[in-house]
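Take a look at the structure below.
Sequence lines set the chain letters: A, B, ... in the order given, protein chains first and strands last, and positions in each chain run from 1.
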There are 2 protein chains.
Amino acid sequence: MAISPDETKLAAALHERGQRVTPQRLVIHRTLRELNRHVGAEELLGAVEERIPGVSLPTVYSTLELLEGLGLVRRVGPAGGRVLYDSRLDDHHHVVCSHCGRVEDIDAPLDTGAALDAARGAGFADARAGLVVTGVCRDCAIRG
Amino acid sequence: MAISPDETKLAAALHERGQRVTPQRLVIHRTLRELNRHVGAEELLGAVEERIPGVSLPTVYSTLELLEGLGLVRRVGPAGGRVLYDSRLDDHHHVVCSHCGRVEDIDAPLDTGAALDAARGAGFADARAGLVVTGVCRDCAIRG
DNA sequence: CTGGATGCAAACTCTTTGCATGCAT
DNA sequence: ATGCATGCAAAGAGTTTGCATCCAG
């Protein structure tokens, strides 16, 4: 497996926290970045297994949690009954189809300052805001 | 059971859609309104059973879905692994503790117009926006 | 009467946990 | 050598579904 700049960055972050750099972690991170869309754990596992067979779902979950803690991945859901992860780190928002669970990105300006202040005022630390728009996607509207 | 204006309103809405007015539906609706906070299905069932014993979880779920369709209740979650329902119908937002799943209301101005337009532009109908702030609540911050 | 709503129970999905082995350090 | 990470399997939580019975209309 070739080492990309992304892998180097992840490896450095892991070392800094005294955690191990394993092939699974590198590949999961890399795969998630390359898919470049919202994926559930099972879908990600499928893509990862094409590169290194024998990876297990628990490892995917624990690695995603790790990557989220490192700020390299964002958790989108739970949306539609499953937790989704997103490799886009910039501020953006999501539309979820209330019928099929499909998720798409939204790029629109949004000032969440007042909401974040209110959350901090209510005693919540490390507050992050995520706008979720729910609606019925075109496919589901057509098919009933 | 005394009939309140709320029950009358619900009964009318049900009749209009050719659906039945059952004691379970009236009590579930009424209990949710009186609790006046975010509840999960199981918690709501507990409160409902104090009024009419023998109500089942599936009935609670199907009634909540029905009430949501009538616009008398709003679905908050899934947040923290469970779906929550809220009897507040006015525009407000939520903070979810990423550690314990606790949910509180936020009252803060938020202009979601651009996001809703973007969602419609992406083909989503009946778009509604909900801001979810995630953070660590005071209790969880203290206890680790 | 008649069909939609209910209650019971079981199934289903996704996620989390426990433990022995293996590998990064 | 050392102990964290992995893989397997099984448990767990919450939600949904199927079907016979019952009751609102």
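- In this entry the distance linking CG of B:L66 with P of C:dT6 reads 9 Å, nearest Å.
- Screening B:R88, B:R128, B:E68 against B:R74 for a side chain to side chain contact (heavy atoms under 4.5 Å, CB included) leaves a single residue, B:R128.
- Donor-acceptor pairing under 3.5 Å is lacking for the side chains of B:D105 and B:H93.
- The aromatic rings of B:H38 and B:H92 are tilted relative to each other, their planes meeting at an angle between 30° and 60°.
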Please produce a list of atom pairs where a protein N or O lies less than 3.5 Å from an N or O of nucleotides 23-25 of chain D.
from   : atom 1 : to    : atom 2 : distance (Å)
D:dG25 : OP1    : B:H15 : NE2    : 3.4
D:dG25 : OP1    : B:V21 : N      : 3.4

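- Of the charged side-chain nitrogens involved, at least one lies within less than 4.0 Å of a carboxylate oxygen, so that B:R102 and B:E104 count as a salt-bridged pair.
- Atoms CG (A:L45) and C1' (D:dT6) sit 13 Å apart, rounded to a whole Å.
- Between A:T59 and A:S62, the side chains place no donor N or O within less than 3.5 Å of an acceptor N or O (distance only, hydrogens not considered).
- Nearest heavy atom pair, residue B:V96 against residue B:G101, reads CG1-O, 4.0 Å.
- Taking only side-chain nitrogens and oxygens, B:T59 comes nearer than 4.0 Å to OP1 or OP2 of C:dG7.
- Candidate nucleotides C:dT6, C:dC14, D:dT15 were compared by shortest atom distance to the side chain of B:T63, and C:dT6 ranks first.
- Separating the CD atom of A:Q24 from the P atom of C:dC23 is a distance of 10 Å, rounded to the nearest angstrom.
- Taking atom CD1 of residue A:I52 and atom P of nucleotide D:dA5, one finds them 16 Å apart after rounding to whole Å.
- A salt bridge does not link A:R82 with A:E43: every distance from a Lys NZ or Arg NE/NH1/NH2 to an Asp or Glu carboxylate oxygen is 4.0 Å or more.
- Nearest-nucleotide positions on DNA chain C place B:G18 closer to the 5' end than the other of B:G18 and B:P58.
- Judged by closest nucleotide on DNA chain D, A:R25 is the one of B:R75 and A:R25 placed further toward the 5' end.
- Put simply, the residue from B:V133, B:V103, B:V132 that forms a side chain to side chain contact (heavy atoms under 4.5 Å, CB included) with B:V95 is B:V133.
- A donor atom on one side chain and an acceptor atom on the other are found under 3.5 Å apart for B:H94 and B:D86.
- In this structure, A:L26 places its CG atom 12 Å from C1' of C:dA24, rounding to the nearest Å.
- In this structure, B:R82 places its CZ atom 13 Å from P of C:dT16, rounding to the nearest Å.
- Here A:G40 lies out of heavy-atom contact (under 4.0 Å) with every strand.
- Residue A:L57 has its side chain nearest to C:dT15 when only C:dG7, C:dT15, D:dT6 are considered.
- Between A:R17 atom CZ and D:dC4 atom C1' the separation is 14 Å, expressed in whole Å.
- Rounded to whole Å, the distance from CG on B:L64 to P on D:dT16 is 10 Å.
- Bending across the helix from C:dC1-D:dG25 to C:dT25-D:dA1, expressed as the angle between its end axes from five pairs apiece, amounts to 40° (10° rounding).
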